[in-house]
Number of protein chains: 2
Amino acid sequence: MNTRVFKIDKLPAIRRLPAYLHLLRGLSEQGIKFVSSSYFAEEMQIQSILVRKDLALTRISGTPRIGYSVGSLIQGIEEFLGWNENLKALLVGAGQIGSFILGNQNLINVGLKIVAAFDSDPKKIGVSVHGVAISDSARLEDVLRRDQIGIAILCVPAGEAQQVADMLVTAGIKGIWNFTATKLIIPEEVITQKEDLASGLAVLSAKLTKRHTSQHSW
Amino acid sequence: MNTRVFKIDKLPAIRRLPAYLHLLRGLSEQGIKFVSSSYFAEEMQIQSILVRKDLALTRISGTPRIGYSVGSLIQGIEEFLGWNENLKALLVGAGQIGSFILGNQNLINVGLKIVAAFDSDPKKIGVSVHGVAISDSARLEDVLRRDQIGIAILCVPAGEAQQVADMLVTAGIKGIWNFTATKLIIPEEVITQKEDLASGLAVLSAKLTKRHTSQHSW
DNA sequence: TAGATTGTTAATCGATTAACAATC
DNA sequence: TAGATTGTTAATCGATTAACAATC
């Protein structure tokens with residue numbers, strides 16, 4: 001009943017931060033130094049006032065008539081999310097899902113560095129996926145201790161998920177990004193984020209069926 | 001400015017529907033016929049009243065003291081989302097991302113059927129990924145016409161995304177589920193849903209950094 | 001100076017929660 | 001019947017939008 005769930009403020013704004021970061025990186029590459037809230041608003045199809053509210057999270061302030069400093073915003077967002085250091089993670093379960101994540105452009109853009117990958121399948125150990133060598137899961141604890149990695153990306157088959165999560169917790173992981181279909185049972189001090197693609201598909205489907213029935217509001 | 005963006009009601013509730021469906025499928029397999037809102041509440045870590053509100057979307061009503069019929073709810077959710085028919089989609093770009101999606105357990109659970117996969121790389125054409133044969137992108141239009149597929153899953157490299165999307169639109173696609181890092185420019189009657197994993201990572205990161213600074217609210 | 005853009009304060013809108021009557 | 005659970009109506013909470021003063 002009263003399960004103490006870790007709640008966080010301003011979740012919708014936080015979900016938008018990577019999109020700002022992505023746009024800022026693009027501007028930075030073009031050598032552009034300042035940007036106004038209306039630029040983001042246009043690109044992201046939201047109101048400029050919402051942009052200003054979101055950016056206020058970072059404590060970076062803009063200058064009237066000039067806008068925000070691209071560099072400061074990049075730094076501000078990275079700092080807010082704890083992405084200013086290299087954003088290091090390890091990956092467990094180096095199958096198709098792992099491959100996908102290692103190659104995902106959105107995550108590369110954002111600075112995610114996967115420093116180690118593990119699998120329990122002896123056939124995979126030693127193989128390199130996207131430049132990351134796959135190690136035996138047995139060595140997980142060593143690597144965790146040595147490299148101070150906070151996040152584990154869990155990509156094992158559903159049936160193994162809980163067991164691997166237990167191992168990660170024992171090894172002292174701080175956060176688990178869960179791509180399996182399994183709901184993990186985890187001590188409350190370890191943070192988990194479950195990714196379920198089906199909810200995105202549900203949104204698309206709902207929009208499609210609403211369109212049919214002409215219940216749309218533009 | 002006044003870009004007519006397709007907005008939809010009750011988005012948070014719609015995002016939760018696949019989770020209900022997942023649990024319902026589990027109950028159904030165990031032969032359980034009725035379920036109460038508090039069961040979902042417990043499993044999903046939300047309030048039971050929110051469950052009842054969400055389920056009301058489907059127009060399925062429960063019975064006091066007994067709960068909701070598992071079968072009716074499954075049907076109701078599927079119907080609401082347009083998933084009662086086989087949920088058919090085609091996939092363009094049969095690389096790692098495509099592989100990942102074809103094998104994703106959450107999507108299989110939900111009934112997604114990928115009936116065709118396309119790639120422009122001659123080396124991939126004819127190869128079978130997860131039981132789906134990869135065809136030449138040139139044949140896309142034929143297949144779309146013949147099989148009445150509404151949804152395309154876009155998994156090509158970022159640089160090709162817009163061009164492939166244009167082709168899909170010309171071929172008469174209704175919705176595009178966009179896994180690329182590219183923001184598509186698309187006629188407004190075609191619905192797009194962009195998937196960006198970085199926002200999930202942002203949430204996890206924000207929770208982790210908030211934990212450090214002890215700003216948590218349980 | 002005039003005008004563009006930020007950022008504050010208030011208003012609105014929508015989602016969640018609370019209270020409780022209805023009902024099996 | 002008594003009690004559990006739904007579903008309605010009202011209250012609260014949080015996110016977005018509006019209005020506008022501040023400022024470069």
Side-chain angles (χ1 to χ4, degrees), chain A residues 1-3 5-17 19-20 24 27 32-70 72-73 76 199 202-203 206 210 215 217-218, chain B residues 1-3 5-17 19-20 24 27 32-70 72-73 76 199 202-203 206 210 215 217-218:
Chain A
M1 187 99 317
N2 194 14
T3 36
V5 176
F6 195 84
K7 280 273 172 59
I8 199 170
D9 231 26
K10 314 256 173 25
L11 216 64
I14 287 167
R15 287 190 167 279
R16 284 188 292 267
L17 290 180
Y20 294 115
L24 286 162
L27 294 171
I32 293 168
K33 299 276 185 249
F34 291 91
V35 60
S36 73
S37 58
S38 59
Y39 170 76
F40 294 111
E42 179 87 3
E43 290 291 320
M44 294 167 63
Q45 314 256 49
I46 56 178
Q47 304 286 316
S48 64
I49 175 64
L50 185 56
V51 172
R52 293 197 293 280
K53 291 278 187 191
D54 287 351
L55 296 181
L57 276 179
T58 66
R59 312 289 207 120
I60 303 296
S61 51
T63 313
R65 249 179 90 67
I66 291 170
Y68 299 84
S69 150
V70 169
S72 305
L73 274 185
S199 60
V203 173
K210 288 301 161 302
Q215 292 283 358
S217 61
W218 299 97
Chain B
M1 188 98 319
N2 194 14
T3 35
V5 176
F6 195 84
K7 282 273 172 58
I8 200 171
D9 231 27
K10 315 256 169 33
L11 217 64
I14 288 167
R15 288 190 166 280
R16 284 187 292 266
L17 291 181
Y20 295 116
L24 286 162
L27 295 172
I32 293 167
K33 300 277 184 247
F34 291 91
V35 59
S36 74
S37 59
S38 59
Y39 170 76
F40 294 112
E42 179 86 4
E43 289 292 319
M44 295 167 62
Q45 315 256 48
I46 56 178
Q47 304 287 317
S48 64
I49 174 63
L50 185 55
V51 172
R52 294 197 294 278
K53 291 275 187 193
D54 287 351
L55 297 180
L57 276 179
T58 66
R59 312 289 207 118
I60 303 297
S61 52
T63 313
R65 250 180 88 66
I66 290 170
Y68 299 85
S69 150
V70 169
S72 305
L73 274 186
S199 60
V203 173
K210 288 303 161 299
Q215 291 284 357
S217 60
W218 298 96

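No experiment lies behind these values; they were computed from the predicted model shown. Letters A, B, ... mirror the listed sequences (proteins, then strands); counts begin at 1.
A:Ser61 comes within 4.0 angstrom of the backbone, heavy atoms only, and of no base. Using a 4.0 Å heavy-atom criterion, one finds that A:Lys10 contacts the sugar-phosphate atoms exclusively. Residue A:Ser38 is classed as having no contact, given no heavy-atom separation below 4.0 Å to the nucleic acid. At the heavy-atom level, B:Ser48 lies nowhere under 4.0 Å from the strands shown.
Closest of all the heavy-atom pairs between A:Tyr68 and A:Ile60 is CE2-O, 4.2 Å. Looking at every heavy atom in both residues, B:Tyr20 comes nearest to B:Val51 through OH-CA, 3.4 Å. Nearest heavy-atom pair, A:Leu24 versus A:Phe40, reported as atom, atom and distance to 0.1 Å: CD2-CZ, 3.6 Å. Taking each heavy atom of B:Leu17 and B:Asp54 in turn, the nearest pair found is CD2-O, 4.5 Å. In terms of heavy-atom proximity, B:Ala19 sits nearest to B:Met44 at CB-CE, 3.7 Å.
One can place CD of B:Gln47 at 13 Å from P of D:dC13, the figure rounded to the nearest angstrom. In this structure, B:Ile66 atom CD1 and D:dT5 atom P are separated by 11 Å, rounded to whole Å. Taking atom CZ on B:Arg65 and atom P on C:dA22, their separation rounds to 19 Å, with Å as the unit. Remark: C1' of D:dG14 and CG of B:Leu50 are 14 Å apart, rounded to the nearest angstrom. A:Lys53 places its NZ atom 15 Å from the P atom of D:dG14, with the value rounded to the nearest Å. Here the C1' atom of nucleotide D:dT17 and the CD1 atom of A:Ile46 are 12 Å apart, to the nearest Å. In this structure, CD1 of A:Ile60 is placed 10 Å from P of C:dG7, rounded to the nearest angstrom. At whole-Å resolution of the value, CG in B:Leu57 and P in D:dT8 are 13 Å apart.
Set against C:dC24, C:dA15, C:dT5, the side chain of B:Pro12 has C:dA15 as its closest nucleotide. In this structure, of C:dT23, C:dA18, C:dT8, it is C:dT23 that holds the atom nearest to the side chain of B:Pro64.
A close approach under 4.0 Å does occur between a side-chain nitrogen or oxygen of B:Tyr68 and OP1 or OP2 of D:dG7. Here B:Arg16 reaches the OP1 or OP2 of C:dT16: one of its side-chain N or O atoms lies under 4.0 Å away. Distances shown here put a side-chain N or O of A:Ser37 below 4.0 Å from the OP1 or OP2 atom of C:dT6. At the phosphate of C:dT6, OP1 or OP2 sits under 4.0 Å from a side-chain N or O atom of A:Arg52.
Two residues, B:Gly67 and A:Asp54, neighbour DNA chain D, and the one matched to the more 5' nucleotide by heavy-atom proximity is B:Gly67.
With a cut-off of 3.5 Å on both Watson-Crick or G-U wobble distances, the partner of C:dT8 is given as D:dA19.
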